[in-house]
Amino acid sequence: MSEINVKVGENQRSFPAPVSIAEVLKSFDRDLPKKSIVAKVNGAEVDLSYTLDETDEVLSIEPILPESLDGLQVIRHSTAHLMAAAVLDLFPGTQLGVGPALMEDPRYGFYYDVIAPRHLTEADLPVIEKKMRAMAKQNLPYRREVLAKADLIKMFSDRREPLKCELINEKADATATAYYIDNTPFVDFCLGPHVPHSGKLKAFKLLTLSGAYWKGDAENQQMQRIYGTAFAAQEELDAWVKQREEAEKRDHRRLGKELDLFSIQDEYGQGFIFWHPKGGAIRTDMENYLREELQKRGYGMVFTPHIAKRQLWQTSGHEENYADSLFEPMKMPAKFGEETEFRLRPMNCPFHIGIYKSHPRSYRELPIRYAELGTVYRAELSGTLHGLMRVRGFTQDDAHIFCTPEQVETEAGDCVDFAYDVFNTFGFEKFKVELSVRGGADNKGYLGSDEDWANAENALVNALNKRAIAYERIEGEAAFYGPKIDIKVEDSIGRLWQLSTVQFDFNLPERFELEFTGEDGQKHRPIMVHRALFGSVERFFGVLIEHYAGAFPFWLAPVQVTVLPITDRINDYAEAVTKELKQAGFRVEANLKSDKIGAKIRDAQLNKVPFMIVLGDKELEENVIAVRERKAGDIGQMSLEEFKKMAQQLKETRAIGFSREVGGVVGVWGLEVV
RNA sequence: GCUGGUGUAGCAUAAUUGGCUAAUGCACCCGAUUUGUAAUCGGACGAUUGGGGGUUCAAGUCCCUCCUCCAGCACCA
């Protein structure tokens, strides 16, 4: 009889072949097969029922517990199958698409795409979930079977599942694996591995129903996608649900309304932002910071119109390439007899090019950097609009750099540094950097020579590497006119939004025939770099609101200080203090209502005002103020001068947190990032 | 745009199977109160129940239609 040598951890044992993983694990630890859900054999995941055949090799076996990340993925994948089984049971004739586990997306744990005989509605979800629970309780085996490709296709063809047949045709080798859940109508074309039986699935929840195109292509039919999530234990699921509810409280749309920062009004149009004074105060500070930096970094501030002749957008190629994002052309009133058509701008680039082209350029002038807070308008589909994040009219902190090929790497690097300064200043610690390059068959549909692309990518890669920035290289994500670096930040519930971008452009310099005279007296074509740091001021603000949950650092807070007299005997003093702080340049309000101090404090706390100045008879008598910080609470009395000095420092340094000596003890407190 | 859902004072919620004057809290306003670190009391005001159409003796509630918003898909120069 032949033997198999197996290692689990450091221990090695021999077994007569063939032997199942479960049996092997059992011999090492009686409870191990029960605790595990799958196992790794030499690093490859397999079911516990997997049979080991004779081999000379020493096999290393690692049990995968539900508590591990690998285990969670299996649980979610198996739960997706369980859901499909429930749907098939409740709605015979349902066609299945794909149903993966989701590990990266904090919103969901898995989905399955289906086409049921009738359209499912939200009311069906609890019914499906109930069925799943009933099935889970029955400890139904997940059974793997290896079949010839043709047999598998025949099986799904008999089951009237053409979508599965299509997948098998595309993905399967000569043989393929099928997974059954016994005693249910379910069978799937799937690599696995899966839990040994449905009883391992203890904590799951169906979340939402939505549309999804077959294979992610809008040309294909739309299926229904059921999202759910699953965890190893109920407590983890409960915690996740709770955390999600918390996250929803910092939704910028909700806080925008509660804190009176901005609004979007149907009567004026979807996707158009009204910045209220409090949002406007923050925007002003954001812009002021930016302008200071632009000045320091050698950008020229320019201002250009929001519309231009239609012809311009034909020259630029926007009509050709982005027709779907452009608002329709407009004209002068007919009675004026002018036939010229105009378009609202979707981008600022052609205008900055206009300034570049306003006179001949010399190499001595380069690099030329034009910056503008340029408002643009795009015809975004209604279904894409989302608060401040995706709108139809927005302002880019746009800039265009015209430079020589030799200068390009430095310029790109400076842009990356600038972006990092912005992110640091606003307190973002977590963001994702992507390098988007060409991709697809023969790199079709991209403008510019292979050499251009290689040089540009090099410049971007070098800029990132020199700064030891970790990034993901994504093929096929580049703009058709050049490669780019994008920086994305998560919102409160984990959706990623692109903010900064640094893009090469091989298109516009050609189309607009940009030139400069070189040292050699010859005409040369400059390289053009587009770059935005906030990306869109609106979107950046949206992410910022969620990042701080509305509790902005002092320098950004729309109301920085609120003065709270305890009785109306103190109102005059309160007004004097308010006036003085206003004169010193702070955004201050006084609450002179005849409420109790507790109520006034509550009001200020709910409005997330960084500092409250509480004034009573004592303060009036001693000519001091009592200061309360929104997070630290009462920090004691000080002179108004002392407070002003501290506030001034917070403002000037654009601090997002700070420490201060209180009563002889140095305590760290303050405006911390929530 | 597509799939599903949703819409009641500024905000958050309520309103038996279709049934009386659409209710409550907060906010706003008025009055009383003069208070020491997260809600003082009382009063008044505020709604063509998203728009339009229909069914019915009767519609916030049922049906049709348009619109908004939400989740997702696709899109995102």
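Predicted model only: the values in this text are computed from it and were never measured. Throughout, a chain's letter reflects where its sequence line sits, starting with A, and its residues are numbered from 1.
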**Asked** Which is true for R495(A) with a 4.0 Å heavy-atom rule: it touches a base, it touches only sugar-phosphate, or it touches nothing?
**Response** sugar-phosphate
**Message:** Can you measure I597(A) atom CD1 to A39(B) atom P for me and round it to whole angstrom units?
**Reply:** 11 Å
**Asked** Looking only at N and O atoms, is any donor in the side chain of S325(A) or the base of A77(B) less than 3.5 Å from an acceptor on the other one?
**Response** yes
**Message:** Within the 4.0 Å heavy-atom criterion, would you say T384(A) contacts the bases, only the backbone, or no part of the nucleic acid?
**Reply:** base
**Request:** Using a 4.0 Å heavy-atom cut-off across all strands, classify Y108(A) as base, sugar-phosphate, or nothing.
**Result:** sugar-phosphate
**Message:** Can you check the distance between C29(B) and A14(B), where both ends of the measurement are the C1' atom (answer in whole Å)?
**Reply:** 25 Å
**Message:** I want to check one thing: is the phosphate of C73(B), taken as OP1 and OP2, less than 4.0 Å away from some side-chain N or O of Y227(A)?
**Reply:** yes
**Message:** Whether R253(A) contacts A71(B) is assessed here as follows: a side-chain N or O lying under 4.0 Å from the phosphate OP1 or OP2. Is that the case?
**Reply:** yes
**Asked** What integer distance in Å separates N220(A):CG from C75(B):C1'?
**Response** 15 Å
**Message:** Could you check whether D486(A) pairs with K488(A) (Lys NZ or Arg NE/NH1/NH2 to Asp/Glu carboxylate O, under 4.0 Å)?
**Reply:** no
**Prompt:** If we take the C1' atom in both U49(B) and U13(B), what is their distance in whole Å?
**Reply:** 14 Å
**Message:** Just N and O in the side chain of R225(A): are any of them under 4.0 Å from OP1 or OP2 of G4(B)?
**Reply:** no
**Request:** Give the nucleotide from the list U40(B), A77(B), C28(B) with an atom nearest to the side chain of A599(A).
**Result:** U40(B)
**Request:** Answer with base, sugar-phosphate or nothing: what part of the nucleic acid does G216(A) contact at a heavy-atom distance below 4.0 Å?
**Result:** sugar-phosphate
**Asked** Without hydrogens or angle criteria, can the side chains of R343(A) and Q311(A) be said to hold a donor-acceptor pair below 3.5 Å?
**Response** no
**Request:** State whether Q270(A) places a side-chain N or O below 4.0 Å from either non-bridging phosphate oxygen (OP1 or OP2) of U68(B).
**Result:** yes
**Fill in**
Separation of G72(B) atom P from W214(A) atom CH2, nearest Å, is 22 Å
**Asked** Nearest nucleotide by nearest heavy atom, which residue falls closer to the 5' end of RNA chain B, L606(A) or S594(A)?
**Response** S594(A)
**Request:** Select base, sugar-phosphate, or nothing to describe what E258(A) touches, counting heavy atoms under 4.0 Å on all strands.
**Result:** nothing
**Complete:** Here RNA chain B, pairs taken as Watson-Crick or G-U under 3.5 Å and shown with ( ), [ ] when crossing and | when to another strand, reads (((((.(..((((.....[...))))..((((.......))))......(((((..]....)))))).)))))....
**Prompt:** Between R225(A) and Y111(A), is NZ or CZ placed under 6.0 angstrom from the six-membered ring centre and within 45° of the ring axis?
**Reply:** yes
**Request:** Just compare U40(B), U3(B), U37(B) and give me whichever is closest to any side-chain atom of Q224(A).
**Result:** U3(B)
**Item:** Among G4(B), G36(B), A71(B), the nucleotide that comes nearest once only the side chain of A626(A) is considered
**Value:** G36(B)
**F506(A) CZ - A77(B) C1' separation (whole Å)** = 15 Å
**Request:** Look at H119(A) and G4(B) and indicate whether a side-chain polar atom (N or O) is within less than 4.0 Å of OP1 or OP2.
**Result:** yes
**Message:** Using heavy-atom distances to pick each residue's nearest nucleotide on RNA chain B, tell me which of D266(A) and G383(A) is more 5'.
**Reply:** G383(A)
**Prompt:** Do the non-hydrogen side-chain atoms of E575(A) and D572(A) ever get within less than 4.5 Å of each other?
**Reply:** yes
**Message:** Regarding A604(A), tell me which of base, sugar-phosphate or nothing describes its non-hydrogen contacts under 4.0 Å with the strands shown.
**Reply:** nothing
**Asked** Does R390(A) get its side chain close enough to the base of C75(B), under 3.5 Å, for a donor-acceptor pair?
**Response** yes
**Message:** Are Y481(A) and F504(A), when compared by the centres of their aromatic rings, separated by less than 6.0 Å?
**Reply:** no
**Request:** Anything under 30° is parallel, anything over 60° is perpendicular, the rest tilted; go ahead and classify Y322(A) against F480(A).
**Result:** tilted
**Prompt:** In terms of the angle between their ring planes, are H386(A) and W497(A) parallel, tilted or perpendicular, with boundaries placed at 30° and 60°?
**Reply:** tilted
**Request:** Using the C1' atom on both, measure C28(B) against C69(B) and round to a whole Å.
**Result:** 26 Å
**Request:** Measure centre to centre between the rings of F351(A) and W313(A), then say whether the value is under 6.0 Å.
**Result:** yes
**Message:** Can you identify which nucleotide, out of G4(B), A77(B), G1(B), has its nearest atom closest to the L381(A) side chain?
**Reply:** G1(B)
**Request:** Would you please confirm or rule out a distance under 4.0 Å between OP1 or OP2 of G1(B) and any side-chain N or O of S382(A)?
**Result:** yes
**Item:** Donor on one side chain, acceptor on other, W214(A) and D113(A), under 3.5 Å
**Value:** no
**Message:** Base, sugar-phosphate or nothing for K600(A)? Non-hydrogen atoms, less than 4.0 Å.
**Reply:** nothing
**Message:** Please give the distance between the P atoms of U68(B) and A59(B) as a whole number of Å.
**Reply:** 28 Å
**Asked** Should R569(A) be listed as having a side-chain N or O under 4.0 Å from OP1 or OP2 of U35(B)?
**Response** yes
**Prompt:** Nearest to the side chain of D595(A) - G1(B), U40(B), U37(B)?
**Reply:** U40(B)
**Prompt:** Rounded to whole angstroms, how far apart are CG on L102(A) and P on G72(B)?
**Reply:** 12 Å
**Message:** Could you tell me how far G31(B) sits from A12(B) if I compare only their P atoms? Round to whole Å.
**Reply:** 30 Å
**Message:** I'd like the P distance from G60(B) over to G72(B), given in whole Å.
**Reply:** 34 Å
**Asked** Which part of the nucleic acid, if any, lies within reach of K215(A) when heavy atoms closer than 4.0 Å are counted: base, sugar-phosphate only, or nothing?
**Response** nothing
**Asked** How close or far is atom P of G1(B) from atom OH of Y213(A), stated in whole angstroms?
**Response** 11 Å
**Prompt:** G36(B) P sits how many Å from E621(A) CD, rounded?
**Reply:** 16 Å
**Request:** Check every strand shown and say whether D617(A) touches a base, only sugar-phosphate, or nothing at a heavy-atom separation below 4.0 Å.
**Result:** base
**Prompt:** So does K257(A) get a side-chain nitrogen or oxygen closer than 4.0 Å to the phosphate oxygens (OP1/OP2) of C69(B)?
**Reply:** no
**Message:** Using OP1 and OP2 only, check whether a side-chain N or O of R378(A) sits under 4.0 Å from C75(B).
**Reply:** no
**Prompt:** Where does the angle between the aromatic ring planes of W453(A) and Y446(A) fall among parallel (under 30°), tilted (30 to 60°) and perpendicular (over 60°)?
**Reply:** perpendicular
**Message:** Less than 4.0 angstrom from a charged side-chain N to a carboxylate O is my criterion; do K249(A) and E246(A) meet it?
**Reply:** yes
**Item:** Closest listed nucleotide, where the reference is the side chain of K596(A) and the choices are U34(B), U35(B), G36(B)
**Value:** U35(B)
**Message:** Check this one for me: any side-chain N or O of H386(A) less than 4.0 Å away from OP1 or OP2 of A71(B)?
**Reply:** yes
**Asked** Between U3(B) and A22(B), how far is it from one P atom to the other, in whole Å?
**Response** 38 Å
**Request:** For E619(A) and U34(B), give me the distance from atom CD to atom P, rounded to whole Å.
**Result:** 20 Å
**salt_bridge(R473(A), E457(A)) N-O dist < 4.0 Å** = yes
**Asked** What is the nucleic acid contact for F480(A), judged by heavy atoms within less than 4.0 Å: base, sugar-phosphate only, or nothing?
**Response** nothing
**Message:** What's L120(A) touching, base or sugar-phosphate or nothing? Going by heavy atoms closer than 4.0 Å.
**Reply:** sugar-phosphate
**Request:** When you get a sec, tell me which of U35(B), C75(B), U37(B) is the closest nucleotide to the side chain of V614(A)?
**Result:** U37(B)
**Asked** C1' atom, G42(B) versus U37(B): distance in rounded Å?
**Response** 26 Å
